[in-house]
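Structure first, then comments.
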Amino acid sequence: YAFEVFTAIQETAKLIDLGHKTLEDKQFALALKSFQAAGSKEGMDKVGDTTLRDGNVATALEAYTASGNEMMISFIKENFA
């Protein structure tokens, strides 16, 4: 519910806070969605870093793709494809 409210009122700082909180709680999809709505490439990369460390390569690739992190996209494709 918070995601919808913060998105509707374009509350970027609160979306980023929500992204960090949900990332800590391992709610990776919501964290990525929050960072995407806020336009936070740093947050999206953080989701990618965390999920890659956890072995969740598909979510990591999704996060890096969303942030446009070509270096990490290439790394995943070369090492996990």
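- Hydrophobic clustering (ILVMFWY, side-chain heavy atoms < 4.5 Å, transitive): Leu61 and Met72 are in one cluster.
- Here the NZ atom belonging to Lys14 is positioned 11.5 Å from the OG1 atom belonging to Thr12, to the nearest 0.5 angstrom.
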key: Leu52 and Asn56: CA distance, side-chain angles, deciding distance, side chain to side chain contact (heavy atoms under 4.5 Å, CB included) verdict   = CA-CA 5 Å; Leu52 188 58; Asn56 189 340; over 6 Å; no
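- Between Lys21 and Asp25 a salt bridge is recorded (basic side-chain N to carboxylate O distance below 4.0 Å).
- Note on Phe28 and Ile76: separate hydrophobic clusters, where clusters join Ile, Leu, Val, Met, Phe, Trp and Tyr whose side-chain heavy atoms are under 4.5 Å apart, directly or indirectly.
- Distance CE/Met71 to CG/Asp45: 8.5 Å, rounded to 0.5 Å.
- Taking CD of Glu42 as the reference point, atom CG of Asp49 lies at 10.0 Å (rounded to 0.5 Å).
- Neither Ile73 nor Met44 shares a network with the other; the hydrophobic side chains, linked directly or stepwise wherever heavy atoms of I, L, V, M, F, W or Y lie under 4.5 Å apart, form separate groups for each.
- Here CD of Gln27 is found 12.0 Å from NZ of Lys33. Values are rounded to the nearest 0.5 Å.
- In terms of heavy-atom proximity, Gly19 sits nearest to Ala31 at O-CB, 3.5 Å.
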query = Does the pair Lys41 and Asn69 meet the rule for a side chain to side chain contact (heavy atoms under 4.5 Å, CB included), with working shown?
reply = CA-CA 9 Å; Lys41 290 184 178 196; Asn69 189 331; over 6 Å; no
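- Looking only at distances, no side-chain donor or acceptor of Thr50 sits under 3.5 Å from a matching main-chain atom of Val47.
- Residue Phe75 is grouped with residue Val57 when hydrophobic side chains (ILVMFWY) are merged at heavy-atom distances under 4.5 angstrom, including chains of intermediate members.
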query = Can you check side chain to side chain contact (heavy atoms under 4.5 Å, CB included) on Glu70 and Tyr64, steps first, answer last?
reply = CA-CA 7 Å; Glu70 295 298 329; Tyr64 292 131; over 6 Å; no
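- None of Leu32, Thr59, Leu23 except one satisfies the side-chain contact (heavy atoms from CB on, under 4.5 Å) rule with Thr51; the exception is Thr59.
- To the nearest 0.5 angstrom, Ser34 atom OG is 6.0 Å from Leu15 atom CG.
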